[in-house]
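Excluded from the calculations below are hydrogen atoms, water molecules and symmetry mates; all remaining heavy atoms, backbone and side chain alike, are included. Start at 1 and go down the list; that is how both ligands and their atoms are numbered.
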Amino acid sequence: MSGASLKFGSILSFCVVLYAIFYRKDDLGDMRLSPVKEHLLHLESENKVASGIRQPKVALGYGACHDLFVNATSLLDPEDLKGIPKHFNELTNKEEFIKSFTYFFKHGAAAERFMSNSKLFDQLVEDALKLPDTRWAIGGNAPLMAKRFFLEGWRVLLGAKMSDKLKSYIPNEISIVGGDDVDKDDVHMILEYKTDEQFGAYRSPRANRYIMHNDVNNPLLSSLEKLGESLPKFSPNLLVISGLQMMDNFPFTKDGRDLRAERLNLVREQILSQPLTTLAHFEMASYVDIELLLHLTTKVLPYVDSVGMNEQELSNLNSVLEHGEVIFVADSNPRVATALDQMRNTFNMIRKKNKDFGSKRKLTRIHVHTLAYQAILTVKDSAWRRTKAAAAKASLTAHRYVCDSQNIALGKSKLLLDDSFSTTTDNDNNSRVFFEPTKPVSCWDEVLDGDEVEICVAPVLICTEAQLTAGAGDNISAAGLVLQVEK
Ligand SMILES: *[C@@H]1O[C@H](CO)[C@@H](O)[C@H](O)[C@H]1NC(C)=O
Ligand SMILES: *[C@@H]1O[C@H](CO)[C@@H](O)[C@H](O)[C@H]1NC(C)=O
Ligand SMILES: *[C@@H]1O[C@H](CO)[C@@H](O)[C@H](O)[C@H]1NC(C)=O
């Protein structure tokens with residue numbers, strides 16, 4: 001071997017060693033964390049909303065509830081699991097509940113289910129209140145997103161019917177319309193679990209939550225009319241439609257009338273009543289009732305500018321649009337390429353609905369949040385601004401929310417995203433994006449449905465000491481929207 005090549009060889013191995021030291025992922029931590037954090041924070045601060053100039057306005061519907069956070073494995077007894085974990089659309093007894101919970105627990109997948117047995121539901125709430133760590137909070141997509149917008153300096157109008165007690169959780173500056181003649185707020189039981197928790201023979205692959213409810217107010221969207229009365233005067237820049245999942249598996253036909261379809265027609269009318277300069281966003285959720293999902297594809301989705309959702313909801317929506325079938329559980333940590341393919345497909349199919357229904361609005365934005373990354377697709381030259389910064393902000397919000405701290409602590413962070421990812425599963429080799437810690441948010445352009453779109457993917461500094469999981473999606477979706485609406 002000649003001297004020169006020997007020398008070259010050692011320089012090369014020296015560089016490899018340096019690289020390994022610089023970006024090593026061992027017990028001392030992933031060296032990518034610090035530059036990723038710094039650059040995400042920079043992107044966020046660079047795009048802060050200038051305060052005091054003109055406050056943007058958001059109106060949000062529908063509903064609110066009282067969330068009861070419970071340690072799932074402390075409340076439930078694995079001995080009560082008779083048979084194998086199984087999914088049910090609706091829960092009527094304890095056996096179904098335990099089977100259903102375990103089914104999602106072992107997949108680490110988020111779920112929301114209706115428990116039709118009020119007596120059992122009340123009993124479970126009572127049992128939960130005996131546990132030391134059980135706590136109450138305000139819940140519902142609309143109030144949680146409302147609070148996030150308020151914290152970001154927006155003027156907020158919230159459509160929700162709730163008791164005075166529940167209203168006390170909401171800052172006074174947020175206008176609430178929808179009435180307060182409520183005897184009992186709807187309670188949502190949020191059964192939380194961490195990564196690697198054990199429940200009988202099963203182990204959770206990731207931290208998540210299983211939500212169970214027995215709602216009476218929310219399924220009727222009882223605040224819809226009152227919100228509608230306030231909209232003309234308020235004149236929002238953004239209208240957020242959420243909480244429709246409370247209509248899932250609710251017995252809705254009465255004297256031959258389909259009440260649910262009637263209520264959803266009114267949701268459509270409410271969106272259509274707004275000028276096109278008011279952007280409409282639909283927040284997806286965990287739906288299982290195919291009839292309801294099909295209503296969404298004809299009464300809501302054709303008329304909105306934007307849709308936000310997590311990876312489970314994306315797979316489900318994609319399947320409903322493509323095959324008319326519900327997916328009950330999907331990969332809780334999908335590859336970027338898989339999620340992006342589903343986003344493109346969903347985009348194209350909703351665009352087709354825009355045409356089929358002669359809608360004046362066209363879908364121009366999709367935000368998907370997953371444990372490992374945030375992906376936002378926007379149409380260029382649409383009303384949406386700052387997609388890259390929005391992805392960064394959504395990513396930081398995910399960490400802050402789950403760790404329940406404003407500070408991004410590197411000691412409590414990890415990155416699941418690899419050093420490169422494919423942008424599609426169709427052609428793994430030609431579409432790699434290299435993930436650089438100093439430029440953590442990758443953005444590129446594509447053409448979809450004849451429009452040029454920008455897609456941005458931001459890695460999440462995953463909080464390894466999960467404090468909170470329920471409501472994360474609301475904070476994240478709202479945080480993503482905050483920077484995207486022109487002020
Ligand atoms: C639930 O309680 C168990 C036992 O105390 C604990 O190990 C686990 O971390 C708790 N889970 C959550 C989500 O707090
Ligand atoms: C999430 O939003 C709620 C308002 O709903 C707010 O109180 C909380 O501080 C937010 N959490 C983070 C970490 O941003
Ligand atoms: C990617 O490259 C590998 C190795 O060169 C090859 O085996 C594989 O078939 C390629 N895949 C695609 C989708 O082109």
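Just one of Val368, Ile455, Thr424 meets the side-chain contact (heavy atoms from CB on, under 4.5 Å) condition when paired with Leu340; it is Ile455.
Ion pairing of Glu46 with Lys388 is absent here, as no side-chain N (NZ or NE/NH1/NH2) approaches a carboxylate O to less than 4.0 Å. Ion pairing of Asp419 with Arg32 is present here, as a side-chain N (NZ or NE/NH1/NH2) and a carboxylate O approach within less than 4.0 Å.
Tyr169 and His66 have perpendicular rings, their planes meeting at more than 60° on a 0 to 90° scale where under 30° would count as parallel.
Residue Glu192 has no N or O atom closer than 3.5 Å to an N or O atom of ligand 1.
Distances below 4.0 Å separate heavy atoms of Ser74 from the following atoms of ligand 1: 1 (C), 2 (O).
In this structure, atom 13 (C) of ligand 1 lies nearest to the protein heavy atom Glu197 OE2, 3.4 Å. The protein non-hydrogen atom at the shortest distance from atom 10 (C) of ligand 1 is Asn71 ND2, 2.5 Å.
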Output, in order, the C-alpha distance, side-chain angles, deciding distance and verdict of salt bridge (charged side-chain N to carboxylate O under 4.0 Å, His left out) for Lys165 and Asp185. CA-CA 9 Å; Lys165 174 158 182 248; Asp185 291 305; over 6 Å; no
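Remark: atom 4 (C) of ligand 1 lies closer than 4.0 Å to no protein heavy atom.
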